[in-house]
Amino acid sequence: MKKIFLLAVIIYGVAGCAPHTAGLMASSTGEQRVDNSAFNSEVSVQQVMTRLNGDLLTAAGTISSKVATDLRLQYKFTWYDLNGLTIEDEGVSWKSLKLHGKQQMQVSAVAPNITAVRCELYVRKAFSN
């Protein structure tokens with residue numbers, strides 16, 4: 001009986017947490033990944049583009065709402081060097097974004113140093129405690 005109870009608690013805990021952390025990713029190389037299909041029906045990420053601004057890479061991406069209600073989201077850019085290693089990822093925090101119904105918003109960021117060659121834009125739903 002204890003094993004069944006423990007298993008139920010673990011399954012409930014994992015199922016309860018999963019939608020809160022997963023989201024969408026779009027890369028400057030054109031790759032896209034959906035980690036949460038329910039969230040993907042509400043939000044899309046497209047047109048992640050980069051350009052050199054002096055010696056630093058600048059990126060911009062468009063986040064679009066597919067629903068008529070307001071959405072509270074978080075996003076962040078992750079930068080990679082030529083070898084595919086992340087650059088200063090620990091220092092990058094999630095930024096808040098509020099989209100009104102069917103609204104699109106462009107977000108942008110500047111690479112932390114000159115070794116960045118590509119980036120990924122992550123978007124997830126924001127949950128307050």
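Linking Ile, Leu, Val, Met, Phe, Trp and Tyr whenever their side-chain heavy atoms come within less than 4.5 Å puts V123 and V67 in one cluster. Both M105 and V45 are members of a single hydrophobic cluster when ILVMFWY side chains are connected at heavy-atom separations under 4.5 Å. Hydrophobic clustering of Ile, Leu, Val, Met, Phe, Trp and Tyr side chains at less than 4.5 Å, counting indirect connections, keeps Y122 apart from F39. Cluster membership for L52 and V48, using ILVMFWY side-chain heavy atoms within less than 4.5 angstrom, is shared. Residue M49 is not grouped with residue V117 when hydrophobic side chains (ILVMFWY) are merged at heavy-atom distances under 4.5 angstrom, including chains of intermediate members.
Considering every non-hydrogen atom in both S44 and L24, the closest pair reads CA-CD1, 4.1 Å. Across all non-hydrogen atoms, the minimal contact from E88 to P112 is OE1-CB, 3.5 Å. Closest heavy-atom contact between N36 and A22: CB-CB, 3.9 Å. Nearest approach of I87 to D81, heavy atoms of both residues: CD1-N, 3.7 Å. When every heavy atom of K76 is checked against every heavy atom of S93, the shortest pair comes out as CB-O, 3.9 Å. When all heavy atoms of Q47 and T62 are compared, the pair lying nearest together is OE1-OG1, 3.4 Å.
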One pair to check against side-chain contact (heavy atoms from CB on, under 4.5 Å): L97 and I63. What are the steps and the verdict?
CA-CA 10 Å; L97 174 68; I63 303 172; 3.7 Å; yes

Can you list the steps and then say if T78 with V92 is a side-chain contact (heavy atoms from CB on, under 4.5 Å)?
CA-CA 8 Å; T78 299; V92 179; over 6 Å; no

Set out, in order, the CA-CA distance, both residues' side-chain angles and the distance that settles side-chain contact (heavy atoms from CB on, under 4.5 Å) for T58 and T50, then state yes or no.
CA-CA 5 Å; T58 301; T50 59; over 6 Å; no

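Atom-to-atom distance recorded for Y80:OH and L85:CG is 10.0 Å, nearest 0.5 angstrom. Distance check, rounded to the nearest 0.5 Å: CG of L99 to CD of Q104 gives 9.5 Å. Atom-to-atom distance recorded for K66:NZ and S41:OG is 7.0 Å, nearest 0.5 angstrom. The OG1 atom of T115 sits 11.5 Å away from atom CG of D55, with the distance rounded to the nearest 0.5 Å. Interatomic distance, NZ of K95 versus CG of L73, reported as 14.5 Å (0.5 Å rounding).
Residues E42 and L71 are in side-chain contact: their nearest non-hydrogen atoms beyond the backbone lie under 4.5 Å apart.
Under the rule for a salt bridge (charged side-chain N to carboxylate O under 4.0 Å, His left out), the partners of K98 that lie at least two apart in sequence or sit in another chain are D70. By the side chain to side chain donor-acceptor pair (under 3.5 Å) test, D35 pairs with R33, sequence neighbours left out.
Relative ring orientation between F77 and Y75 is described as perpendicular, the plane-to-plane angle rising above 60° on a 0-90° scale split at 30° and 60°.
At most 12 non-hydrogen atoms from other residues, nucleotides or ligands lie less than 6.0 angstrom from CD1 of I114.
Between the side chain of S28 and the backbone N or O of C119 there is at least one donor-acceptor pair closer than 3.5 Å.
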